Amino acid sequence: MIKNISVIGAGTMGNGIAHVFAQSGFTVNLIDVNPTQLQRALATIEKNLDRQIAKAAITEADKKTTIANITMLSDIHEGIKAADLVIEAASENIELKIDIFKHMDMAAPAGCILATNTSSISITKIASITKRPGYVIGMHFMNPVPVMKLVEIINGYETKKEITETIIELSRQLGKIPCVVNDYPGFIANRILMPMINEAIYSLYEGVADVEAIDTVMKLGMAHPMGPLQLADFIGLDVCLSILHVLHDGFGNPKYAPCPLLVNMVTAGKLGVKIGEGFYVYTPGSKDLVVSERFKK
């Protein structure tokens, strides 16, 4: 029976994962070495709970219970010593994740499941540095976690069947819809999504159409809620580039090679929403979609 959840990394994904587990009645330790990040995470969780209250999805009492279920900690070993499930939600960096998993494997109790929220990095590779590869699995939540229903569950080469079944049931307890995939570069979500985003960037790079036209075609013609260039900004252009590198390196197929424009934008620091500019310019408090000066007609 899984009751105690530890989430490592208090960024956008980590605080969202902590939120949904705590709201579903689990005891959650949210762990980050940066105390300031922990305070930001708590403020974000409270703000998102207030939005749910405003929509009459939860009550004020539900909010208090959810917050009470979360403990903020800065020490990994202290934070996971009694965990039934540890979910790593750090940056999409293989060296960082492997280092964290070494600590997780060392400090987590026997029988504790070790999960990663990676969107592209090999579960098998991460599991191989632990002494419990059968207990390592991918739980790829979608952003924003409290809203998005999908959890992409990724089996590593040695993931035990009963561990997969446990995580499927756990995802359902959160009100999510689990989809199980196997461990190959990009899994399913990003193996399909990233080439589409990359092709949209190539279409801009080659002058086929401008930013607004590309996104409008995909929104109105394909019923996508957000155009691929806006979505790339939302994900983070650096994250998109990283995933494309994983696909390109993993398959050795030139169709996954990142567009030079994407490479240049990341090099220039134009990473999308998180820094205020990518294909669009983002002004705090404004919902207007304004194309970056660099791409205006």
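Throughout, numbering of the chain's residues begins at 1 and tracks the sequence. The structure presented is a predicted model; accordingly, all values stated were derived computationally and were not measured.
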Is there a side-chain contact between Pro260 and Tyr205 in this structure, where contact means two heavy atoms from C-beta onward sitting under 4.5 Å apart?
yes
Residues at least two apart in sequence or cross-chain that pass side-chain contact (heavy atoms from CB on, under 4.5 Å) with Asp99, listed by chain then number, are His103
Atom CD of residue position Gln52 - does it have more than 12 heavy atoms of other residues, nucleotides or ligands inside 6.0 Å?
yes
Separation between CD1 (Ile45) and CG (Asn15), nearest 0.5 Å, reads 5.0 Å
Are Ile70 and Ile2 connected into the same hydrophobic cluster when the rule is that any two of I, L, V, M, F, W, Y join if their side-chain heavy atoms are below 4.5 Å apart?
yes
For Asn29 and Gly79, indicate whether the former's side chain and the latter's backbone hold a donor-acceptor pair under 3.5 Å.
yes
If you define the side chain from C-beta out and look only at heavy atoms, does anything of Cys179 sit under 4.5 Å from Ile153?
no
Could you measure the distance from the OG1 atom of Thr118 to the CD1 atom of Ile121? Nearest 0.5 Å is fine.
4.0 Å
Arg294 side-chain N/O to Gly278 backbone N/O, donor-acceptor pair under 3.5 Å
no
Pairwise side-chain contact, Phe101 with Ile129, heavy-atom cut-off 4.5 Å (strictly under):
yes
Verify, without hydrogens or angle tests, whether Asp288 (side chain) and Val290 (backbone) share a donor-acceptor contact under 3.5 angstrom.
no
Are the side chains of Arg191 and Ile188 in touch, meaning some heavy atoms are under 4.5 Å apart?
no
Compare all side-chain heavy atoms of Leu85 with those of Ser6 and state whether any distance is below 4.5 angstrom.
no
Salt bridge between Lys97 and Glu88, side-chain N to carboxylate O under 4.0 Å?
yes
Residues at least two apart in sequence or cross-chain that pass ring pair (Phe, Tyr, Trp, His ring centres under 6.0 Å) with His224, listed by chain then number, are none
Without swapping roles, check the side chain of Lys3 against the backbone of Thr27 for a donor-acceptor pair under 3.5 Å.
no
Taking everything shown except Phe251 itself, do over 12 heavy atoms lie less than 6.0 Å from its CZ?
yes
If you apply the rule side-chain hydrogen bond (donor to acceptor under 3.5 Å, both in side chains), what do you find for Asp183 with Thr124, and how did you get there?
CA-CA 7 Å; Asp183 184 25; Thr124 303; 2.7 Å; yes
Interatomic distance, Arg132 atom CZ to Met104 atom CE [nearest 0.5 angstrom]
8.5 Å
Side-chain heavy atoms under 4.5 angstrom apart, residues restricted to Ile, Leu, Val, Met, Phe, Trp, Tyr: same cluster for Phe187 and Val246?
no
Quick check: are there more than 12 heavy atoms from other residues, nucleotides or ligands sitting under 6.0 Å from OH of Tyr157?
no
For the atom pair CD1 (Ile8) and CD1 (Ile76), what is the distance rounded to the nearest 0.5 Å?
4.5 Å
Answer yes if Leu170 and Val136 sit in the same cluster of Ile, Leu, Val, Met, Phe, Trp and Tyr residues linked by side chain heavy atoms under 4.5 Å apart, and no otherwise.
no
Considering only heavy atoms from C-beta outward, does the side chain of Gln230 approach that of Phe279 to under 4.5 Å?
no
Within a 6.0 Å radius of atom NZ on Lys296, are there more than 12 heavy atoms belonging to other residues, nucleotides or ligands?
yes
Is the side chain of Asn198 donor-acceptor paired with the backbone N or O of Cys259 at a distance under 3.5 Å, no angle test?
yes
Out of curiosity, Ile58 CD1 to Arg51 CZ, how far, rounded to the nearest 0.5 Å?
12.5 Å
Give me the atom names and distance for the closest heavy-atom approach of His140 to Ala189.
CE1-CB, 4.3 Å
Check: Asp215 side chain, Leu229 main-chain N or O, donor-acceptor pair, under 3.5 Å
yes
Partner of Val7 under side chain to side chain contact (heavy atoms under 4.5 Å, CB included), chosen from Leu30, Asn117, Asp32, Val86:
Leu30
Heavy-atom check, side chain of Asp84 versus side chain of Ile113, under 4.5 Å:
no
Tell me, with the steps shown, if Ile214 and Leu204 meet side chain to side chain contact (heavy atoms under 4.5 Å, CB included).
CA-CA 8 Å; Ile214 291 166; Leu204 176 65; 3.8 Å; yes
Where is the tightest heavy-atom contact between Ile235 and Met194, given as atom of each residue plus distance?
CD1-CE, 3.9 Å
Side chain proximity check, Ile167 to Thr164, heavy atoms < 4.5 angstrom
no
So, the side chain of Thr283 versus the backbone of Ser286: is there a donor-acceptor pair under 3.5 Å, distance only?
no
Is Ile163 reachable from Ile80 through a run of hydrophobic residues whose side-chain heavy atoms are each under 4.5 Å from the next?
no
Exercise: identify the closest heavy-atom pair between Asn69 and Gly25:
ND2-CA, 3.9 Å
Measure the spacing between CD1 of Ile5 and CZ of Phe21 and express it to the nearest 0.5 Å.
4.5 Å
Which residues satisfy the salt bridge (Lys or Arg N to Asp or Glu O under 4.0 Å) test with Asp238, sequence neighbours excluded?
Lys274
Flag yes if Ile31 and Ile126 sit in one hydrophobic cluster, no otherwise; membership is Ile, Leu, Val, Met, Phe, Trp, Tyr, and two members link when side-chain heavy atoms are under 4.5 Å apart.
yes
Would you find a donor on one side and an acceptor on the other, under 3.5 Å apart, between the side chain of Glu92 and the backbone of Ser119?
yes
Might you confirm whether atom NZ of Lys219 has over 12 heavy atoms from other residues, nucleotides or ligands at distances under 6.0 Å?
yes
Donor-acceptor pair, Asn48 side chain versus Pro146 backbone, under 3.5 Å?
no
When you compare the side chains of Thr65 and Asp62, does any donor N or O come within less than 3.5 Å of an acceptor on the partner?
no
Under 3.5 Å, side chain of Ser292 to main-chain N/O of Phe295, donor-acceptor pair present?
no
